[in-house]
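To start, the structure itself, in structure tokens.
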Amino acid sequence: MKFPFFKSLLVAGALMLAWNCTDNTTVNPANLLPNMAENVQILDQDGQKYYITEDGKVFDEQWNAIGQFADGKITNDSGETVVDNIEDGDLSGVQVVTTDNGDKLVVNGDGKVTDTEGNDVGKVDDNGDIVSNNGDVIAENPNKPASNANQQTTTSSASNGSNNKNNNTTSSASNGSNNQNNNTTSSASNQTQNSTASTNCEGKCYDSVSRKCVEYWAQGLTGAHGEQYSYNNECVLQCWHDPNKKACADLGVASNPNQNQSSSSRQQAPSSNSQQQTPSSTSQYSGPAQLPKIIDGNKKYGYATRYWDSCKPHCAWSGKGGPIARTCQTDGVSRASVDDASVCDGGNAGTCFDQTPQIVNDTIAYAFAATPGGGNDCGKCYMLTFTGTGASATGTPTNDHHRKIKGKHLIVMANNIGYDVNHNQFDLMIPGGGPGKYNGCSKMGISCAGEQYGGFLASCGYDDKECLINMCNKEYANNSSLRDGCLFLANWMDAANNPEIEFVQVECPSALSAKY
């Protein structure tokens, strides 16, 4: 999704220097961006304003979530079109600031400030503060020059000392947080002088173990004592496994700055004034995403189970009514031929190790699935939305695990069938999910431990998340792709057993098509 107005917005902000061209302390409102504001597009449709954020989320004037913007239209969470045929010329660009009390203020290109309903609030003054028409400060610019003894400007050799720029330069020992009173960033800085340390990671999360900015839900993060963890979209640490049974409270560092940051300071849009930080190399997620386009809006209801049998998928054979899926040799990586026999039939073709679930964000993920035999589903995609209940068809009682994933969307691509898969059932390909009727795991050199139907989670009594995490880490210790795919059930799906779903057919995301 392109936002062509951003550059022009910053240019327009720069023209505001004409307010006081002789005052060296004049601050471009764009300097608010690193800590206070996010770039937003406004659509004014028949007097109704829609606010569209950079990741495509849409809000009304009261900042209630409406849905998603993509391909020139706004759709709600059910996939229904709210506004269609939107062109670039229909959109205008602003910055939206969230105040300490949660109010949303709109900073226009001329420096005027309104609320989201268009009512005049004030302006951005020469210090970059948002002030009311009476001169009262509504939101203070954290980047303005120090004005008291507790604030210090940077003094390292990388700093130019100018009051006209954001001078939060950093060194290897400092994260240069814009939220601290003490902005000293020399090699001796330890971030503890006036406040709890925090880091501006611009829409990512600061990992104090690796001292890097990492993506939401980045996998492969390991603490000093073997802890396995990640961060959710609020940068709250999610502990998957801790050998010391301390819930990742002791990762081998002094503190975790994310725990003391508000969501507004953690999730910040990048600006031309702030340097992009390199994400952790362990991250394999694509970040925020939009829901796919619905092909058939006829909503149906069913449930999801899980399996991993390592067999050559049904759709990897020719003549199955759709595109031919990939199949791999027994190393799980090298491509096998469409004519090679399945490992489940004594051959050397099986499921590729990278065809595991992929987390996109808190509410969207991708996976492959088997659908009922006799259908013509090869290469088709469906969006499964969890209803927060256990599958009555399998006698699965509803518990907190089901309730925690209510409203999450799992987009699946059919690459297999199962004649033991029932009508409106999706059998999700999750390592450790249980082999089911066939088992080619040993020939692929991996484990299919756990119950034949239900896998690791069944072996753990269906309600022991810690047990599931331990089994994933143990059985797939030497295969990170399968381990992380196994942990998907514990983490993103919160160990929900056989959840009920509503589903519709959708266009296939490229991330799934690329691994099909």
Side-chain angles (χ1 to χ4, degrees), residues 302-311 313-314 344 350-359 365-373 377 382-387 389-399 401-402 404-405 408-441 444 446-465 467-469 471-472 475-476 479 481-501 503 512:
Y303 61 99
T305 52
R306 61 197 174 275
Y307 84 103
W308 189 278
D309 59 13
S310 288
C311 300
H314 168 82
C344 294
T351 304
C352 301
F353 290 161
D354 66 349
Q355 292 177 322
T356 54
Q358 308 168 56
I359 297 173
Y366 302 144
F368 290 96
T371 55
D377 280 344
Y382 299 89
M383 181 168 66
L384 319 183
T385 302
F386 297 109
T387 63
T389 54
S392 57
T394 61
T396 303
T398 298
N399 57 27
H401 299 288
H402 299 106
K404 285 181 180 179
I405 64 171
K408 286 191 173 188
H409 306 289
L410 181 61
I411 293 88
V412 301
M413 190 172 190
N415 71 339
N416 203 359
I417 65 168
Y419 285 99
D420 55 349
V421 177
N422 295 320
H423 180 62
N424 288 353
Q425 175 187 352
F426 290 84
D427 210 10
L428 309 177
M429 286 178 55
I430 299 178
K437 189 174 182 179
Y438 304 100
N439 192 336
C441 296
M444 298 291 288
I446 63 171
S447 170
C448 272
E451 297 293 329
Q452 180 180 4
Y453 293 95
F456 295 173
L457 185 59
S459 296
C460 291
Y462 297 106
D463 196 38
D464 191 340
K465 187 174 177 179
C467 170
L468 174 60
I469 291 170
M471 287 195 72
C472 290
E475 300 297 335
Y476 300 121
N479 191 311
S481 179
L482 296 178
R483 181 198 65 211
D484 293 345
C486 180
L487 289 169
F488 168 83
L489 177 62
N491 186 28
W492 194 86
M493 287 189 64
D494 202 69
N497 178 48
N498 298 351
E500 287 187 321
I501 57 169
F503 65 95
L512 279 174

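Put simply, the side chain of Glu500 gets close to the backbone of Ser392: a donor and an acceptor are under 3.5 Å apart. Between the side chain of Ser459 and the backbone N or O of Glu451, at least one donor-acceptor pair lies under 3.5 Å. Judged by distance alone, the side chain of Lys404 and the main-chain N or O of Ala496 form no donor-acceptor pair under 3.5 Å. Side chain of Gln452 to backbone of Gly436: a donor-acceptor contact under 3.5 angstrom is found. Between the side chain of His402 and the backbone N or O of Asn497 there is at least one donor-acceptor pair closer than 3.5 Å. Remark: side-chain polar atoms of Asp427 are paired, donor with acceptor, to backbone N or O of Arg306 under 3.5 angstrom. Side-chain N or O atoms of Tyr476 include one that pairs as donor or acceptor with a backbone N or O of Gly432 at under 3.5 Å.
Looking at heavy atoms from C-beta onward, Trp492 lies out of side-chain contact with Pro357 at the 4.5 angstrom threshold. The closest side-chain heavy-atom distance from Pro499 to Ile405 is below 4.5 Å. At least one side-chain heavy atom of Phe368 sits less than 4.5 Å from a side-chain heavy atom of Leu512. In this structure, the side chains of His401 and Asp463 come closer than 4.5 Å at one or more pairs of heavy atoms. No side-chain heavy atom of Thr396 sits under 4.5 Å from any side-chain heavy atom of Tyr303. Leu428 is listed as a side-chain neighbour of Leu384, based on a closest heavy-atom distance under 4.5 Å. Taking 4.5 Å as the limit, some side-chain heavy atom of Phe353 sits within range of a side-chain heavy atom of Ile446. Proximity of Thr385 to Phe503: side-chain heavy atoms (C-beta onward) are nowhere separated by under 4.5 Å.
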Report task. Check the pair Tyr453, Lys437 against side chain to side chain contact (heavy atoms under 4.5 Å, CB included), reporting the backbone distance first and the verdict last. Result -> CA-CA 8 Å; Tyr453 293 95; Lys437 189 174 182 179; 4.0 Å; yes
Query - Check against side chain to side chain contact (heavy atoms under 4.5 Å, CB included), Tyr382 and Leu410 - result: CA-CA 8 Å; Tyr382 299 89; Leu410 181 61; over 6 Å; no
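The minimum heavy-atom distance between Ser310 and Trp308, with the atom names listed, is OG-NE1, 3.3 Å. Nearest approach of Cys460 to Leu468, heavy atoms of both residues: SG-N, 3.4 Å. Contact between Ala495 and Leu457 at its shortest, heavy atoms only, is O-CD2, 3.7 Å. Shown here for Glu475 and Ser447, the closest heavy-atom pair between the two residues is OE1-OG, 2.8 Å.
At a cut-off of 3.5 Å, with distance as the only test, no side-chain donor of Asn399 or Tyr462 sits close to an acceptor on the other residue. No hydrogens or angles considered: a donor-acceptor pair under 3.5 Å links the side chains of Asn416 and Tyr307.
Under the side chain to side chain contact (heavy atoms under 4.5 Å, CB included) test applied with Met429, the options Asn415, Asp309, Val412, Thr356 reduce to a single match, Asn415. When Thr394, Thr305, Thr371 are each tested for a side chain to side chain donor-acceptor pair (under 3.5 Å) with Gln425, only one passes: Thr305. Partner Met493 forms a side chain to side chain contact (heavy atoms under 4.5 Å, CB included) with one of Ile430, Leu487, Ile359 and no other, that one being Ile430.
Taken from CG in Leu482 to SG in Cys486, the straight-line distance is 9.0 Å, to the nearest 0.5 Å. Between the CE atom of Met383 and the CD1 atom of Ile501 there is a distance of 11.0 Å, given to the nearest 0.5 Å. In this structure, CG on Asn491 lies 10.0 Å from CG on Asp484, to the nearest 0.5 angstrom. Here CD of Gln355 is found 10.0 Å from CE of Met413. Values are rounded to the nearest 0.5 Å. Here the SG-CG distance, from Cys448 to Asn439, works out to 4.5 Å after rounding to the nearest 0.5 Å.
Every residue two or more places apart in sequence or in another chain was checked for a side-chain hydrogen bond (donor to acceptor under 3.5 Å, both in side chains) with Asp464, and none qualifies. Remark: Thr398 engages no residue in a side-chain hydrogen bond (donor to acceptor under 3.5 Å, both in side chains) (not counting sequence neighbours).
Between Lys465 and Asp494 there is a salt bridge, since a side-chain N of the basic residue sits under 4.0 Å from a carboxylate O of the acidic one.
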